Engineer: 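My questions will all concern the structure given below.
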Amino acid sequence: QVQLVESGGTLVQPGGSLRLACAASRSTFNQYAIGWFRQAPGKERERVSCITNTDDIRTYYADSVKGRFTISRDNAKNTAYLEMNNLKPEDTAVYYCAAEWYGVASCLAGGRGMDFWGKGTLVTVSA
């Protein structure tokens with residue numbers, strides 16, 4: 001079992017920046033690919049970004065955040081991050097991180113089949 005805890009969500013003005021963190025409870029964190037997902041009120045869950053756990057790290061982004069968001073991970077700290085810049089009101093959502101044991105197929109497919117999920121952190125972009 002891996003517990004994931006997101007942090008960093010808050011109210012931010014349009015054009016602002018935030019960094020979300022996803023802390024994992026186990027040192028086997030490096031065996032898991034990590035995904036960030038979000039769900040806005042009344043909308044379906046959306047994949048935001050995925051990062052592999054391989055030596056040659058690969059990252060994937062939704063078109064809506066490409067160029068503005070950056071996913072990263074620090075295996076020594078059992079933590080993944082989502083750096084969000086130039087935030088827009090439409091980025092308002094609860095952001096979740098999730099872990100997938102080796103491989104990113106579930107992440108790229110929208111999250112179904114991810115092995116573990118956090119409880120989410122709320123990001124509100126508003127003036």
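Because the structure is predicted, anything quoted here is derived from the model rather than measured.
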Engineer: Answer yes or no: is there a donor N or O on one side and an acceptor on the other, between the side chain of Glu6 and the main chain of Thr121, under 3.5 Å?
Structural biologist: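 No, Glu6 side chain to Thr121 backbone: no donor-acceptor pair under 3.5 Å.
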Engineer: To check you understand the geometry: which heavy-atom pair defines the closest contact between Ala40 and Ala93, and what is its length?
Structural biologist: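 Looking at all heavy atoms of both residues, the closest pair is N-CB, 3.8 Å.
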Engineer: Would a 4.5 Å heavy-atom cut-off, applied to side chains only, mark Arg26 and Asn78 as touching?
Structural biologist: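 SC-SC contact between Arg26 and Asn78 ruled out.
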Engineer: Hey, what do you get for CZ (Phe116) to OH (Tyr32), rounding to the nearest 0.5 Å?
Structural biologist: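 If I round to the nearest 0.5 Å, the distance is 4.5 Å.
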Engineer: Donor-acceptor check, side chain of Thr124 to backbone of Thr92, threshold 3.5 angstrom: yes or no?
Structural biologist: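 Not a single qualifying donor-acceptor pair exists.
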Engineer: Could you see if Leu11 belongs to whatever hydrophobic cluster contains Leu20? Use Ile, Leu, Val, Met, Phe, Trp, Tyr and a side-chain cutoff under 4.5 Å.
Structural biologist: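 No; Leu20 is not reachable from Leu11 via cluster members.
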Engineer: Under a 3.5 Å distance rule, please check whether Thr59 uses its side chain to pair with a backbone N or O of Ile71 as donor and acceptor.
Structural biologist: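 No, Thr59 side chain to Ile71 backbone: no donor-acceptor pair under 3.5 Å.
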Engineer: Which pair of heavy atoms, one from Gly35 and one from Cys107, lies closest together, and at what distance?
Structural biologist: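 It is CA-SG, 3.6 Å.
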Engineer: If every non-hydrogen atom of Ala33 is compared with every non-hydrogen atom of Val104, which pair is closest and at what distance?
Structural biologist: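 Nearest heavy atoms, Ala33 then Val104: CB-CG1, 3.6 Å.
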Engineer: Out of curiosity, Thr28 OG1 to Gln1 CD, how far, rounded to the nearest 0.5 Å?
Structural biologist: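 Output value for this atom pair is 10.5 Å.
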Engineer: More than 12 heavy atoms of other residues, nucleotides or ligands under 6.0 Å from CD of Gln3: yes or no?
Structural biologist: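 Open.
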Engineer: May I ask you to decide if Gly111's main-chain N or O and Ser106's side chain share a donor-acceptor pair within less than 3.5 Å?
Structural biologist: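 Between the backbone of Gly111 and the side chain of Ser106 there is no qualifying donor-acceptor contact (under 3.5 Å).
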Engineer: Apply the hydrophobic cluster definition, ILVMFWY joined by side-chain contacts under 4.5 Å directly or through others, and give me every member besides Tyr96.
Structural biologist: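 In the cluster with Tyr96 are Phe37, Val94, Met114, Trp117, Leu122.
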Engineer: Hey, are the side chains of Leu108 and Cys50 touching, using non-hydrogen atoms and a 4.5 Å cut-off?
Structural biologist: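 Yes, at least one pair of side-chain atoms sits under 4.5 Å.
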Engineer: Are the side chain of Asn53 and the backbone of Tyr102 linked by a donor-acceptor contact shorter than 3.5 Å?
Structural biologist: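 Checking the backbone N and O of Tyr102 against the side chain of Asn53, no donor-acceptor pair under 3.5 Å is found.
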Engineer: Looking at CG of Asp74 and OG1 of Thr79, how far apart are the two atoms once the value is rounded to the nearest 0.5 Å?
Structural biologist: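 The CG atom of Asp74 sits 6.5 Å away from the OG1 atom of Thr79.
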Engineer: Could you grab the distance from atom CZ of Arg47 to atom CZ of Arg112, nearest 0.5 Å is fine?
Structural biologist: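 With rounding to 0.5 Å, CZ (Arg47) is 15.5 Å from CZ (Arg112).
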Engineer: Would you give the length of the straight line joining atom OG of Ser49 to atom CD1 of Ile34, rounded to the nearest 0.5 angstrom?
Structural biologist: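 That separation rounds to 11.0 Å.
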Engineer: Taking the side chain from Asn85 and the backbone from Ser17, do they hold a donor-acceptor pair closer than 3.5 Å?
Structural biologist: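 Judged by distance alone, no pair lies under 3.5 Å.
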Engineer: Cation-pi check, Arg73 to Phe29: give yes when NZ or CZ is under 6.0 Å from the six-membered ring centre and within 45° of the ring axis, no otherwise.
Structural biologist: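 Judged by the rule, Arg73 and Phe29 form a cation-pi pair.
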Engineer: Are Leu18 and Phe69 side-chain neighbours, meaning at least one heavy-atom pair lies under 4.5 Å?
Structural biologist: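 Of all side-chain heavy-atom pairs linking Phe69 with Leu18, none is under 4.5 Å.
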Engineer: Considering only residues two or more places apart or on different chains, which pairs with a residue in residues 85-105 satisfy salt bridge (Lys or Arg N to Asp or Glu O under 4.0 Å)?
Structural biologist: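 As it turns out, the salt bridge (Lys or Arg N to Asp or Glu O under 4.0 Å) pairs with a partner in residues 85-105, which skip direct neighbours, are Arg38-Asp91, Arg68-Asp91.
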Engineer: Following the transitive rule for hydrophobic clusters with a side-chain heavy-atom cut-off under 4.5 Å over Ile, Leu, Val, Met, Phe, Trp and Tyr, establish whether Tyr81 and Ile57 coincide in one cluster.
Structural biologist: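 Looking at the clustering, Ile57 is in a separate group from Tyr81.
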Engineer: For the atom pair CG (Leu82) and CH2 (Trp36), what is the distance rounded to the nearest 0.5 Å?
Structural biologist: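 Separation between the atoms: 6.0 Å.
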